[in-house]
Amino acid sequence: QVQLVESGGGLVQPGGSLRLSCAASGSRSGFSAMSWYRQAPGKERELVASITRAGITEYVGSVKGRFTISRDITVNTVYLQMNSLKPEDTAVYYCEADSVVGPQYWGRGTQVTVSS
C-alpha cells in the first residue's frame with residue numbers, strides 16, 4: 001500500500017537548478033531512511049543521497065557541494081535540491097524509502113535532463 005511519487009524533474013541548462021520531491025503515502029510505521037538514486041542510460045543505478053530519520057545525510061562524491069537532501073517527516077516527503085547541474089547529472093532519479101519494519105519501497109522515477 002506504500003506509494004512513492006517523485007516530481008520536479010525536467011529539462012535544465014548546465015549550471016541551472018532543480019528541486020525534486022518525493023511524497024510517500026500509505027506507511028503505517030514510517031521510514032527509517034529515504035534516499036535518491038539515479039540511473040543514466042547504459043549505466044547502473046547509483047545512490048546519490050540519503051537521509052535518516054535522525055537527519056544524518058550522505059552523498060555520492062560527484063554531487064557533494066551541489067546537491068542537498070532534506071526531509072519533512074510530518075508529511076513524509078523528501079527533497080533533493082540540485083544546483084550547478086552538469087550534463088553528467090542527466091538520469092532518471094528514483095526515490096527510495098526504507099520502512100522501519102523492513103520493506104524497501106521505490107518510486108517510478110522522474111527524468112532529469114541537463115543540456116544546452
Side-chain angles (χ1 to χ4, degrees):
Q1 193 173 357
V2 172
Q3 184 177 16
L4 305 180
V5 180
E6 302 98 334
S7 63
L11 174 64
V12 65
Q13 294 184 340
S17 299
L18 284 174
R19 188 193 190 202
L20 305 183
S21 297
C22 173
S25 62
S27 175
R28 299 180 64 183
S29 56
F31 304 103
S32 60
M34 297 185 74
S35 303
W36 285 99
Y37 287 74
R38 67 184 180 187
Q39 186 168 24
K43 298 183 179 180
E44 295 185 345
R45 186 174 299 186
E46 68 170 345
L47 175 63
V48 177
S50 64
I51 184 168
T52 69
R53 197 169 186 87
I56 301 173
T57 59
E58 294 183 351
Y59 301 90
V60 66
S62 60
V63 308
K64 288 181 178 178
R66 299 189 297 120
F67 291 10
T68 302
I69 187 171
S70 61
R71 181 180 180 181
D72 185 343
I73 298 178
T74 63
V75 293
N76 283 328
T77 299
V78 66
Y79 307 93
L80 185 66
Q81 179 66 46
M82 305 184 294
N83 299 324
S84 301
L85 284 162
K86 304 175 181 179
E88 50 263 44
D89 294 319
T90 296
V92 176
Y93 284 70
Y94 298 90
C95 180
E96 182 267 340
D98 297 321
S99 171
V100 296
V101 294
Q104 183 181 58
Y105 303 96
W106 292 87
R108 291 184 178 274
T110 184
Q111 178 70 49
V112 172
T113 302
V114 185
S115 176
S116 298

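Please read all numbers here as calculations on a predicted model, not as lab measurements.
- Summarising the local packing, CD of Gln1 is surrounded by 12 or fewer heavy atoms from other residues, nucleotides or ligands at distances under 6.0 Å.
- Closest heavy-atom contact between Ala40 and Ala91: N-CB, 3.8 Å.
- Of the possible polar contacts, one joining the Thr90 side chain to the Val114 backbone as a donor-acceptor pair under 3.5 Å is found.
- Hydrophobic clustering keeps Val92 apart from Met34 (ILVMFWY residues linked when any side-chain heavy atoms are closer than 4.5 Å, directly or through intermediates).
- With side-chain heavy atoms closer than 4.5 Å counting as contact, directly or through intermediates, the hydrophobic cluster containing Val100 also holds Val101.
- Interatomic distance, CG of Leu80 versus OH of Tyr59, reported as 7.5 Å (0.5 Å rounding).
- Val78 and Trp106 fall into different hydrophobic clusters, where Ile, Leu, Val, Met, Phe, Trp and Tyr are joined by side-chain heavy atoms under 4.5 Å apart, directly or via other members.
- To the nearest 0.5 Å, the span separating NZ on Lys43 from CZ on Arg38 amounts to 8.5 Å.
- The closest side-chain heavy-atom distance from Asp89 to Arg66 is below 4.5 Å.
- When the shell of 6.0 Å around CD of Glu46 is examined, it contains more than 12 heavy atoms from other residues, nucleotides or ligands.
- Atom CG of residue Leu47 and atom OH of residue Tyr37 lie 4.5 Å apart, to the nearest 0.5 angstrom.
- The CZ atom of Phe67 lies 9.5 Å from the CD atom of Gln81; values are rounded to the nearest 0.5 Å.
- Considering only heavy atoms from C-beta on, Ile69 stays 4.5 Å or farther from Arg71 through its side chain.
- Separation of atoms OG (Ser7) and OH (Tyr79) is listed at 9.0 Å; rounding is to 0.5 Å.
- For the pair Ser25 and Asn76, the minimum side-chain heavy-atom distance is 4.5 Å or more.
- Closest approach of Asn83 and Ser17 over heavy atoms only: OD1-OG, 2.9 Å.
- When all heavy atoms are compared, the tightest approach of Trp36 to Cys22 is CZ2-CB, 3.6 Å.
- With Glu6 contributing its side chain and Arg108 its backbone, the two residues share a donor-acceptor pair below 3.5 Å.
- To the nearest 0.5 Å, atoms CG (Leu18) and OG1 (Thr110) are separated by 8.5 Å.
- Not one N or O on the side chain of Tyr94 forms a donor-acceptor pair closer than 3.5 Å with the backbone of Gln39.
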